[in-house]
Amino acid sequence: MKKVTILGSTGSIGTQAITVCETGGFPVVGLAALRNEELLEEQTRRCRPKMVCIFDESRYGSFKSRVADLDVQVVTGIDGLCALAALEDADLTLNAVSGMIGLRPTLAAIEAGKDVALANKETLVTGGELVMKAARDRGVRILPVDSEHSAIFQSLEGYRHCRVNKILLTASGGPFFGKTREELRQVTPETALRHPNWSMGAKITIDSATLMNKGLEVIEAVHLFGVRPEQVEVVVHRESVIHSLVEFEDYAVIGQLGVPDMKIPIQYALTYPDRMPCPTKRLRLTDYKTLTFFDPDPDTFVCLSAAFQAIRRGGLYPTLVNCANEALVPLFLQGKISFLQIGELVQEALSLKNDALVTVENILEAERQAREFVRERVSP
């Protein structure tokens with residue numbers, strides 16, 4: 001059984017990953033959380049890992065006291081997170097942290113020769129060129145955990161030698177599918193957080209409502225599967241049963257179906273290339289009767305359009321739109337900007353100029369540039 005380190009263990013993906021590991025008998029040798037001491041302590045007592053990281057350095061002392069009776073090494077900060085990602089005892093690192101902090105631990109895991117089960121979008125959105133090259137150079141695998149990218153990954157199995165015409169990336173459409181810009185002017189955080197199919201954290205749920213999440217997935221797909229931006233087509237599929245598809249050169253289309261439950265792609269990343277029973281429901285197509293498909297509306301949900309423009313430009317432009325969005329979502333949740341302003345300012349972030357090479361240092365500078373842009377555009 002693969003020994004697993006879980007970064008972001010107290011979040012939605014992390015907690016489900018622990019369930020999958022416990023059900024499947026995968027030893028958890030490392031855990032990391034941003035600041036949720038209580039849940040991280042509970043997980044540490046359940047899993048008995050060798051190392052735990054509490055990322056928030058101000059909580060290091062109190063958390064270390066909480067687990068003082070356990071034989072576990074406690075680390076903190078970005079250096080601690082990178083050390084955990086590269087933990088010698090682990091066979092696979094699952095990166096489910098949220099935000100830009102996920103990039104450096106992904107690179108640390110790759111450098112240590114670990115396969116990476118990747119649920120941190122920002123790793124590939126901002127550093128896709130670096131990450132995929134590093135993985136090739138070290139001979140390690142990047143195993144996608146997002147349901148859509150896992151579906152594409154599975155659909156390509158056995159057909160790696162065939163030419164891909166395009167990737168059909170499915171989207172639920174979020175809670176505001178079919179709404180006009182006028183109807184979206186009065187959207188509140190409460191209504192935006194009501195996703196029709198998935199239970200996720202606040203940030204990714206808002207990103208789903210704006211379709212920014214799908215835009216980030218477009219950028220990820222370009223890097224993960226080595227396709228051009230114009231080979232990725234977004235299709236709104238309200239039922240979230242078909243998780244994505246691949247069209248090959250003979251026009252055959254192959255996809256992966258399942259109930260909307262993240263435990264399925266999490267487990268496949270752990271068991272790859274094998275499969276085993278999963279703690280989820282079975283798919284019964286007759287429960288759905290009908291599956292529907294629609295074109296997205298990038299004129300209303302401009303985040304999707306901005307993401308396509310960013311990956312077509314390449315370089316650090318995906319970092320600029322991603323980091324602008326990352327700064328804007330909390331402002332919306334705090335009631336400081338409107339729902340529509342998220343997309344408007346993400347689109348405006350493309351006017352920033354940054355043609356530097358894609359390096360970790362330049363990615364961090366582009367992040368600073370995007371966040372400064374948001375601070376200047378949003379009055380306190």
Side-chain angles (χ1 to χ4, degrees), residues 7-14 32-35 53-57 76-86 93-111 116 118-132 134 142 144-146 200-207 210 212-213 215-220 222-224 303 306-307 310-311 314-333 342 345-346 349-350 352 354 356-375:
L7 313 183
S9 66
T10 59
S12 175
I13 297 295
L34 182 61
R35 63 174 65 91
C53 176
I54 181 78
F55 184 79
D56 185 342
E57 296 181 13
T76 189
I78 189 64
D79 290 339
L81 193 61
C82 289
L84 185 70
T93 298
L94 169 59
N95 188 347
V97 301
S98 177
M100 282 282 292
I101 62 171
L103 175 59
R104 284 179 57 189
T106 296
L107 291 170
I110 293 170
E111 182 59 30
V116 177
L118 192 58
N120 172 258
K121 295 182 185 304
E122 290 78 8
T123 288
L124 290 180
V125 170
T126 64
E129 295 177 30
L130 290 178
V131 170
M132 298 310 293
I142 305 295
V145 172
D146 270 354
M200 306 175 290
K203 197 269 183 181
I204 192 172
T205 304
I206 298 302
D207 284 353
T210 63
M212 186 66 187
N213 190 52
L216 298 179
E217 288 175 4
V218 168
I219 298 171
E220 285 183 276
V222 168
H223 291 299
L224 264 175
C303 283
I311 188 57
L316 293 168
Y317 285 96
T319 299
L320 291 172
V321 296
N322 170 76
C323 293
N325 178 73
E326 201 170 292
L328 288 162
V329 169
L331 296 175
F332 168 66
L333 291 172
I342 300 174
L345 291 171
V346 165
L350 284 167
L352 298 171
N354 194 325
L357 296 175
V358 179
T359 65
V360 172
E361 294 75 17
N362 289 341
I363 289 170
L364 295 176
E365 172 57 24
E367 178 188 21
R368 186 207 62 74
Q369 184 182 8
R371 291 183 181 276
E372 179 63 25
F373 160 78
V374 170
R375 280 192 294 271

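Proximity of Leu345 to Val374: side-chain heavy atoms (C-beta onward) are nowhere separated by under 4.5 Å. Residues Ile311 and His223 are in side-chain contact: their nearest non-hydrogen atoms beyond the backbone lie under 4.5 Å apart. Here the side chains of Leu216 and Val321 are not in contact, with every heavy-atom distance at 4.5 Å or above. Side chains of Ile206 and Ile342 form a contact here, defined as non-hydrogen atoms less than 4.5 Å apart. Looking at heavy atoms from C-beta onward, Ile142 lies in side-chain contact with Ile110 at the 4.5 angstrom threshold. Between Thr359 and Glu365, every side-chain heavy-atom pair lies at or beyond the 4.5 Å cut-off.
The shortest non-hydrogen separation linking Ala349 to Leu320 is CB-O, 4.2 Å. When all heavy atoms are compared, the tightest approach of Leu352 to Phe373 is CD1-CB, 3.9 Å. What you find for Thr126 and Glu122 is that their closest heavy atoms are OG1-O, 2.6 Å. The nearest pair of heavy atoms linking Ala85 to Ala109 is O-CB, 3.4 Å. Closest approach of Gly102 to Thr123, counting heavy atoms only: O-OG1, 3.2 Å. The two residues Ala370 and Cys323 make their nearest non-hydrogen contact at CB-CB, 3.7 Å.
Asn120 places a side-chain N or O within donor-acceptor distance of the main-chain N or O of Val97, the cut-off being under 3.5 Å. Checked by atom type and distance alone, the side chain of Ser9 never pairs as donor or acceptor with a backbone atom of Gly14 at under 3.5 Å. Formation of a donor-acceptor pair under 3.5 Å by the Thr319 side chain with backbone atoms of Ile363 is not found in this model.
One distance of note links CG of Leu34 with CD1 of Ile54; it measures 7.0 Å at 0.5 Å rounding. Considering CD1 of Ile78 and CZ of Arg104, their distance stands at 5.0 Å, rounded to 0.5 Å. Of the inter-residue distances, the one linking Leu7 atom CG with Cys53 atom SG reads 8.0 Å to the nearest 0.5 angstrom. Atom CD of residue Gln369 and atom CG of residue Leu316 lie 8.5 Å apart, to the nearest 0.5 angstrom.
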* Asked: Going through the checks in order, is the side chain to side chain contact (heavy atoms under 4.5 Å, CB included) test met by Lys203 and Leu333?
  -> CA-CA 9 Å; Lys203 197 269 183 181; Leu333 291 172; 6.0 Å; no

* Leu84 and Thr93: CA distance, side-chain angles, deciding distance, side chain to side chain contact (heavy atoms under 4.5 Å, CB included) verdict -> CA-CA 9 Å; Leu84 185 70; Thr93 298; over 6 Å; no

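Partners of Ala86 according to the side-chain contact (heavy atoms from CB on, under 4.5 Å) rule, which considers only residues two or more places apart in sequence or in another chain, are Ala112. Here Arg371 pairs with Glu326, Ala327, Glu367, Arg375 under the side-chain contact (heavy atoms from CB on, under 4.5 Å) rule; sequence neighbours left out.
Side-chain contact check for Thr106 and Asn95: at least one donor-acceptor pair (N or O, by modelled atom type) lies under 3.5 Å.
When each of Ile219, Asn322, Asn213 is tested with Lys121 by the rule side chain to side chain contact (heavy atoms under 4.5 Å, CB included), just one qualifies, namely Asn213.
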